[in-house]
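Numbered from 1 within each chain, the chains take letters A, B, ... in sequence-line order.
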There are 2 protein chains.
Amino acid sequence: MTPDDQPLGLRELKKRQSRMAMHRAALELVLEHGLGGVTVEAIAQRAGVSTRTFFNHWSTKESAIIGVLSAADEEIAARLRHQVHETGPREALRTVMREAISSAPFDPEVRELRKQVMAKEPKLHSLSSGNLLSVQTEMVAVLAGVLDGDDAHERAMLSVQIGFAVTRAAFSTSMARGIDLGTAFDDVLARYDEGDEVF
Amino acid sequence: MTPDDQPLGLRELKKRQSRMAMHRAALELVLEHGLGGVTVEAIAQRAGVSTRTFFNHWSTKESAIIGVLSAADEEIAARLRHQVHETGPREALRTVMREAISSAPFDPEVRELRKQVMAKEPKLHSLSSGNLLSVQTEMVAVLAGVLDGDDAHERAMLSVQIGFAVTRAAFSTSMARGIDLGTAFDDVLARYDEGDEVF
DNA sequence: TCCGAACATTGCAGTCACTGCACTATTTCA
DNA sequence: TGAAATAGTGCAGTGACTGCAATGTTCGGA
């Protein structure tokens, strides 16, 4: 899907290492001191960067914990824009959202840290996708563009909101059952499609 | 529903006036200077209270703009706990959520302000219910308590998340069509129930 | 009607997330 | 190798939010 694996200059390499260091540091510190007991300063220090640099990579403290880059928004929106033409709005939305949460080519150590953090701080479940306010807006715009009718925007909004709802639920389920996010997403989606006793 | 209209002491009266003053001030200032151009200090000053007092009533700056009291959480959860026994989980959830967003015995002036603010600051649409992190957790707990099976918690989570999704979409729709929140909620819900091309 | 308990308001000092800016260090590539 | 592009950093500042201790206001009973 993103076959740009080769062009890894020194610059790009360092960037990734640095980001991973911050993400890992953030996770470790939350485990040690709890969500409220962690300062950006502490994260930056453990990762070996300045606090200013921290904010050059992550838009908020939480985003570093979750591991959502501030730059990811546009990628996701672009991905959706493309996919919509392939499979139609409904499937595109599902595909992109599943990708967005399960895409994590992380080393297993960080994966394990994530699990523990999520278990310790349930507040992060909702935050995890709640942070993505801007991507939400963009996704709605993309979907509204391909829907018909004067209520296109409204229908797009509902779709995206439900998509995020499923995503959030997937986070939670992933935690509770100790399974990976992709699988959890599928499970929740199946439950949703049954439409039984949901909402 | 809440027939406690009589016991209005001086204390309670002042409290409500003060809260309304803050809410109104917040709305006005957002209209004047935009969401980012408003400080809590400015809101408090226009409402005639100290900033410290402001935070005794609202948990965040945004909650004052939206008009969601920090104390509302427990009420809503309690309401759900009661309603669940009346109509079952699904209907209870719908009922309580509809109440929660449409409950606004405000004077029309404030209603109008709200509309304008929502139109000017789309960011608030998602924020509006996103703020209610704690109530979300409590609602899940309540629902999980009455559901069967070992996946009760997960099903409850999905239900609540979708409920909030519908709510957020209702906010947006209410704005776009200039209709009141209750009606918008019903519309969105109808669209959701059709299950057509949603997600 | 007056008093004490309960509760609301306030000022103050402090912490911390986050930003703009100007500057330095590193990487790239011609 | 040198200049342009990009990343890191220090610094100063803003503003949200909190705990605490003091003060003011309302309430209910004797």
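Under the side-chain contact (heavy atoms from CB on, under 4.5 Å) criterion, A/Q116 pairs with A/L31, A/E112, A/L113, sequence neighbours left out. Listed by chain and residue number, nothing satisfies the side-chain hydrogen bond (donor to acceptor under 3.5 Å, both in side chains) test with B/T87 (two or more places apart in sequence, or in another chain). Judged as a side-chain contact (heavy atoms from CB on, under 4.5 Å), and not counting sequence neighbours, the contacts of A/D187 are A/I179, A/T183. Under the side-chain contact (heavy atoms from CB on, under 4.5 Å) criterion, B/A42 pairs with B/L29, B/T39, not counting sequence neighbours. Applying the salt bridge (Lys or Arg N to Asp or Glu O under 4.0 Å) criterion to B/R24, with sequence neighbours excluded, gives B/D107, B/E109. Take A/Q83 and apply the side-chain hydrogen bond (donor to acceptor under 3.5 Å, both in side chains) test, not counting sequence neighbours, and it matches A/R79. Not counting sequence neighbours, the partners of B/R81 by the side-chain contact (heavy atoms from CB on, under 4.5 Å) test are B/A77, B/V142. Take A/K15 and apply the salt bridge (Lys or Arg N to Asp or Glu O under 4.0 Å) test, not counting sequence neighbours, and it matches A/E12.
Taking every heavy atom of residues 42-49 of chain B and every atom of DNA chain D, no pair lies under 4.0 Å.
You can see that DNA chain C meets the heavy atoms of chain A within a 4.0 Å-exclusive cut from C/dC16 to C/dT28, reading 5' to 3'. The nucleotide range of DNA chain D contacted by chain A, defined by atoms under 4.0 angstrom from heavy atoms of the protein and reported 5' to 3', is D/dA5 to D/dC11.
When heavy atoms are screened at a 4.0 angstrom cut-off, A/T53 is found touching base atoms of the nucleic acid.
Residue pairs that meet the salt bridge (charged side-chain N to carboxylate O under 4.0 Å, His left out) test with at least one member in residues 37-48 of chain B, sequence neighbours left out, are B/E28-B/R46, B/E32-B/R46.
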